[in-house]
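This report concerns only the one structure given below.
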Number of protein chains: 2
Amino acid sequence: MRIGELSARTGVPARLLRYYEEQDLLHPERDASGYRSYGEADAGRVEQIRGLLDAGLTTEIIRQLLPFLGGGIHLPAPCLTADMAQLLELQASRLGRRIDCLSRNRDALLGYLAAIRGPLQDRFGEQGDLVG
Amino acid sequence: MRIGELSARTGVPARLLRYYEEQDLLHPERDASGYRSYGEADAGRVEQIRGLLDAGLTTEIIRQLLPFLGGGIHLPAPCLTADMAQLLELQASRLGRRIDCLSRNRDALLGYLAAIRGPLQDRFGEQGDLVG
DNA sequence: TCCGACCTTCACATCAGTGTGAAGGCAAAT
DNA sequence: ATTTGCCTTCACACTGATGTGAAGGTCGGA
């Protein structure tokens with residue numbers, strides 16, 4: 001498919017699809033007239049990229065990680081240096097910290113909402129210390 | 001404490017502590033000579049801000065959420081409009097999506113690492129050669 | 001009293017992710 | 001053959017988070 005269709009299917013502006021290509025996150029073919037030609041798998045790939053960008057990762061990190069995220073048919077497996085493995089571990093632990101931080105804060109939010117919405121009325125004077 | 005000490009204790013550049021104040025995330029007192037004066041609780045607050053920023057939230061969202069995240073002595077509880085509750089719910093669900101996305105990708109990373117490292121545990125981390 | 005370490009504000013710079021528009025090529029339909 | 005619509009590259013600009021430096025105030029110690 002061409003860039004317009006991929007844009008429509010993913011909701012991501014064509015401008016950004018070109019940007020992701022420039023950043024080496026996407027590698028569409030080109031047809032005879034120079035138009036970008038994307039495969040079906042690219043739709044999922046774009047979703048994945050968006051998710052990671054939204055989660056605060058940079059395009060550079062995403063580029064490094066993408067081949068190992070199972071989003072497609074990549075990784076012939078044994079093309080991994082020790083350095084690369086170390087980087088993957090590092091990034092995995094960073095993701096872990098991010099997840100923990102977000103989880104704590106989401107739980108605090110949900111806890112707060114539950115507290116004010118569940119036993120609504122009566123008990124207002126007592127403020128329990130919620131999650132830190 | 002003054003800005004230098006808070007910076008040293010949190011590892012966050014003083015420049016950013018000023019920026020967070022400008023963004024209404026911190027509200028230090030001022031001493032007689034105009035120096036910022038932070039309380040003990042601000043250290044934790046800064047950590048929380050950093051975590052959320054790293055996780056891709058903007059200072060604006062953090063500002064809105066911070067009073068409800070239990071990071072301190074805030075929220076007298078019943079000062080919540082319906083609009084505010086809706087916003088908190090929205091943000092909680094966004095956090096949920098972020099968490100899911102990050103979890104999926106971290107699991108993929110860890111799965112990959114386990115797959116290539118499990119079967120051949122013996123030689124690990126010597127030179128920059130291929131592993132697997 | 002001077003120095004050095006810390007603080008202040010102001011302001012410009014950088015980087016990533018985007019928005020947006022210009023100027024033009026290609027292709028199908030009118 | 002011109003319109004219409006999608007595509008191309010180029011390029012300038014904005015925002016949010018951050019780096020950095022200038023010019024100067026405060027303060028404790030030699």
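Naming convention: chains lettered A, B, ... in sequence-line order (proteins, then strands); numbering from 1 in each chain.
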Could you check whether any side-chain heavy atom of A:R104 comes within less than 4.5 Å of a side-chain heavy atom of A:C101, counting everything from C-beta outward? yes

Would you tabulate the side-chain donor-acceptor contacts of residues 59-68 of chain A under 3.5 Å, counting partners in other chains and residues two or more places apart, or write 'none'?
unit_1	atom_1	unit_2	atom_2	d
A:T59	OG1	A:Q23	OE1	3.4
A:R63	NH1	A:Q23	O	3.0

Taking the side chain as C-beta and beyond, is there a heavy-atom pair between B:R18 and B:R36 under 4.5 Å? yes

Separation of D:dC7 atom P from A:L6 atom CG, nearest Å, is 10 Å

Spacing of A:L25 atom CG relative to C:dG17 atom P, expressed in whole Å: 8 Å

To the nearest angstrom, the CZ-C1' distance between A:R63 and C:dA16 comes to 12 Å

Report yes if at least one side-chain N or O of B:R18 is closer than 4.0 Å to OP1 or OP2 of C:dT8; otherwise report no. yes

Evaluate the side-chain proximity of A:L16 to A:V46: yes if any heavy-atom separation is below 4.5 Å, no if none is. no

Under 3.5 Å between N/O atoms: give me all the protein pairs with nucleotides 16-18 of chain D, atom names plus distance.
unit_1	atom_1	unit_2	atom_2	d
D:dA17	OP1	B:T59	N	2.7
D:dA17	OP2	B:Y19	OH	2.7
D:dA17	OP2	B:T59	OG1	2.7
D:dT18	OP1	B:R50	NH1	3.1
D:dT18	OP1	B:R50	NH2	3.1
D:dT18	OP2	B:Y20	OH	3.0
D:dT18	O4	B:R15	NH2	3.1

Measure the shortest side-chain to side-chain distance between A:L90 and A:Q86 over non-hydrogen atoms and say whether it is less than 4.5 angstrom. no

Any side-chain N or O of B:R36 less than 4.0 Å from the OP1 or OP2 oxygen of C:dC7? no

Might you confirm whether atom CD of A:E5 has over 12 heavy atoms from other residues, nucleotides or ligands at distances under 6.0 Å? yes

Produce the list of close N/O pairs, under 3.5 Å, pairing protein atoms with atoms of nucleotides 24-30 of chain C; give distances to one decimal.
unit_1	atom_1	unit_2	atom_2	d
C:dG25	N2	A:Y35	OH	2.7

When you compare the side chain of B:L52 with that of B:L69, does any pair of heavy atoms fall below 4.5 Å? yes

Please report the distance, rounded to the nearest Å, between CD in A:E29 and C1' in D:dT8. 17 Å

Identify the two heavy atoms, one from A:E21 and one from A:Y38, that lie closest to each other, and give their separation to 0.1 Å. OE1-OH, 4.3 Å

In whole angstroms, how far is the P atom of C:dG17 from the CD1 atom of A:I49? 11 Å

